Amino acid sequence: MTFNLRKIMQIFIIFLVALVTGISVGKIYVDNLEAITVIEGGVDSVKEKDEVVQELVNSVQGKTVDKCTFLNAVEIYLIAEHKFYNAPEFYKIMTGVVTADAGVTKVNQIMKGERLKKDGKLYYNKLSPSTSSLAPQICSRFIYEYDSDHVDVYPNGTFAVSSPAKDLKGVFKEEDKQVYDLEKYKETFNTEPTTALSYIISSVSCPKGNYTSIKNNGNDTFTFTMTFDAKHTAYAGLIYAYEIAFSSGKGQPKWVSLQMDVTVDKDFNFVSIKYDEIYKMDSGVIGYIPVHDLFEEYMYFGDKIPSVEEIVGEVA
């Protein structure tokens, strides 16, 4: 009862301060949430062991999701992740909105990210036209040929199409290309260039109690939700934090929270992932400000993926 009263008083004070100062309720609320930077420990300490994942994959051979009630949400995710990375080809497209709340100023910026694995290469476009000095313009491309010793990086393209999010397209000049060897790439992004999923999901980053049961949608798809507090978002975001730092030029985020709604098909293939993520970024002017991302990501395989030309187009 005392705890509930204290929470009610905190919320009342937040609304009162917002009313007096004009600062948004969302910013004050997020400012009062726990936020932490990347935690101690490397990626290997968070990722599920390869032998554990392989055992899970072996346990579902010839079975569909509805016949595997012995699996929890994290285990189903790990099987889908294994299938995703071992698919000969895939296409993943993410669109959404990034909202930075600087009090009297709230900046909304659309975002598009797409990854194509095809013909032995992985292509990644990350596109977000800037709408304010508080938010960076992002127009970058990465191309990696599997088993090669370098990555072609185009960090500063220009926009051929700047809205809506699903239609964003960049133009990249060959003379602006930078070549990262694998050591530099890993130093910059804390992972290998084949990594195509933002978060590390495992029994460490998402322990029991942080995920729901599996919902049968009745159309051969299944959905579950995973939630993360600041500490566990930091575990899950050990790789993603480096990408945010690279794209923003503002350093790594201070994590607040994450929710992922994951849908897979009956054969353990990803269909979609919806992300609701909150973190704080150093604005460089008024200190750390809350950032709220709402993204939807869809995965495609086989004959449903686009051609290389559709994703890359022509390099200027």
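None of the values given here were measured: they were computed from a predicted structure.
Put simply, CZ on Phe222 and OG1 on Thr263 are 11.0 Å apart, with the number rounded to the nearest 0.5 Å. With values rounded to the nearest 0.5 angstrom, Ser307 atom OG is found 8.0 Å from Leu116 atom CG. Atom CD1 in Ile138 sits 13.0 Å away from atom CG in Asn125 (nearest 0.5 Å). Put simply, CD on Gln259 and OG1 on Thr225 are 5.5 Å apart, with the number rounded to the nearest 0.5 Å. To the nearest 0.5 angstrom, Thr194 atom OG1 is 9.5 Å from Asp147 atom CG. A distance of 9.0 Å separates OG1 in Thr233 from CD in Glu277, rounded to the nearest 0.5 Å.
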Decide side-chain contact (heavy atoms from CB on, under 4.5 Å) for Val52 and Leu78; before the verdict, give the C-alpha distance in whole Å, the side-chain angles of both, and the deciding distance to 0.1 Å. CA-CA 10 Å; Val52 172; Leu78 290 169; 5.7 Å; no

Verify side-chain contact (heavy atoms from CB on, under 4.5 Å) between Glu243 and Tyr124, making sure each step is shown before the conclusion. CA-CA 12 Å; Glu243 181 180 334; Tyr124 176 34; 2.6 Å; yes

Show, in sequence, the C-alpha distance, side-chain angles and deciding distance for Asp293 and Met111, and conclude whether the side-chain contact (heavy atoms from CB on, under 4.5 Å) test is met. CA-CA 9 Å; Asp293 298 344; Met111 177 77 76; over 6 Å; no

Checking Asp220 against Asp265 for the side-chain contact (heavy atoms from CB on, under 4.5 Å) test, could you report, in this order, the C-alpha distance in whole Å, the side-chain angles of both residues, the deciding distance, and whether it holds? CA-CA 6 Å; Asp220 285 338; Asp265 69 16; 5.9 Å; no

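Here the two rings, on Phe295 and Tyr275, have centers that are 6.0 Å apart or farther.
Under the 4.5 Å side-chain heavy-atom criterion for ILVMFWY residues, a single connected hydrophobic cluster contains both Phe84 and Tyr146. Val43 is connected to Tyr235 through a chain of hydrophobic side-chain contacts under 4.5 Å among Ile, Leu, Val, Met, Phe, Trp and Tyr, so both are in one cluster. The cluster map of Ile, Leu, Val, Met, Phe, Trp and Tyr, joined by side-chain heavy atoms under 4.5 Å apart, puts Tyr211 and Val271 in different clusters. Placement of Leu127 and Val308 within a single hydrophobic cluster is found when ILVMFWY residues are connected by side-chain heavy-atom separations under 4.5 Å, directly or transitively. By the rule that hydrophobic residues join a cluster once side-chain heavy atoms approach within less than 4.5 Å of another member, Val74 and Tyr85 end up as members of one cluster.
Ser128 contributes a side-chain N or O that, together with a main-chain N or O of Ile110, makes up a donor-acceptor pair within less than 3.5 Å. Within the 3.5 Å criterion, the main-chain N or O of Glu183 finds a donor-acceptor partner in the side chain of Asp181. A distance-only check finds no donor-acceptor pair linking the side chain of Lys280 to the backbone of Tyr288 [under 3.5 Å]. In this structure a side-chain-to-backbone donor-acceptor pair under 3.5 Å is present from Ser148 to Glu145. The closest donor-acceptor contact from the side chain of Lys117 to the backbone of Ala87 lies under 3.5 Å. With Ser203 contributing its side chain and Pro207 its backbone, the two residues share no donor-acceptor pair below 3.5 Å. Gln137 places no side-chain N or O within 3.5 Å of a backbone atom of Asn156 that could act as its donor or acceptor partner. With Asp267 contributing its side chain and Asn269 its backbone, the two residues share no donor-acceptor pair below 3.5 Å. Distance alone, capped at 3.5 Å, places no donor-acceptor pair between the Asn216 side chain and the Asp66 backbone. Not a single donor-acceptor pair under 3.5 Å links the side chain of Ser198 to the backbone N or O of Tyr240.
For the side-chain contact (heavy atoms from CB on, under 4.5 Å) with Ile201, the qualifying choice from Lys47, Glu48, Met260 is Met260, the only one to do so.
In plain terms, the two heavy atoms of Gly170 and Cys139 that are nearest each other are CA-SG, 3.9 Å. In terms of heavy-atom proximity, Lys112 sits nearest to Leu168 at NZ-O, 3.1 Å. Minimum interatomic distance between Ile214 and Asn72 (heavy atoms only, all atoms of both residues): CD1-C, 4.3 Å. Minimum interatomic distance between Arg141 and Ile311 (heavy atoms only, all atoms of both residues): NH2-O, 3.3 Å. Here the closest non-hydrogen pair linking Pro155 and Val153 is CD-O, 3.4 Å.
Lys177 has a carboxylate O that lies under 4.0 Å from a charged side-chain N of Glu174, or vice versa, which qualifies the two as a salt bridge.
Counting heavy atoms of neighbouring residues, nucleotides and ligands inside a 6.0 Å radius, atom CG of Asn86 exceeds 12 of them. Atom NZ of Lys274 is surrounded by 12 or fewer heavy atoms from other residues, nucleotides or ligands within 6.0 Å.
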Side chains of residues 89-98: which donor-acceptor partners sit under 3.5 Å, not counting sequence neighbours?
| unit_1 | atom_1 | unit_2 | atom_2 | d |
| --- | --- | --- | --- | --- |
| Tyr91 | OH | Glu114 | OE1 | 2.6 |
| Lys92 | NZ | Ala196 | O | 3.1 |
| Lys92 | NZ | Glu297 | OE2 | 2.7 |

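Partners of Thr191 by side-chain hydrogen bond (donor to acceptor under 3.5 Å, both in side chains), not counting sequence neighbours, listed by chain and number: Thr195.
Inter-residue side-chain proximity for His292 and Asp101 is flagged as unmet; no heavy-atom pair is nearer than 4.5 Å. In this structure, Lys304 and Tyr298 have side chains that are not in contact, with every pair of non-hydrogen atoms separated by 4.5 Å or more. Considering only heavy atoms from C-beta on, Ser272 stays 4.5 Å or farther from Glu296 through its side chain. Considering only heavy atoms from C-beta on, Val179 comes within 4.5 Å of Asp152 through its side chain. Between Pro136 and Lys250 the shortest side-chain heavy-atom distance does not fall below 4.5 Å. The shortest side-chain heavy-atom distance between Met299 and Leu197 falls under the 4.5 Å cut-off. Contact annotation: the side chain of Tyr77 never approaches that of Cys206 to less than 4.5 Å [non-hydrogen atoms, C-beta and beyond]. Phe268 places a side-chain heavy atom less than 4.5 Å from the side chain of Ile76.
Each salt bridge (charged side-chain N to carboxylate O under 4.0 Å, His left out) pair with one or both residues in residues 198-208, not counting sequence neighbours, would appear here, but there are none.
The aromatic rings of Phe142 and Tyr185 sit perpendicular, their planes meeting at an angle over 60°, well past the 30° parallel limit. Between Trp255 and Tyr279, the angle of the ring planes goes over 60°, which puts this pair in the perpendicular group of the 30/60° scheme.
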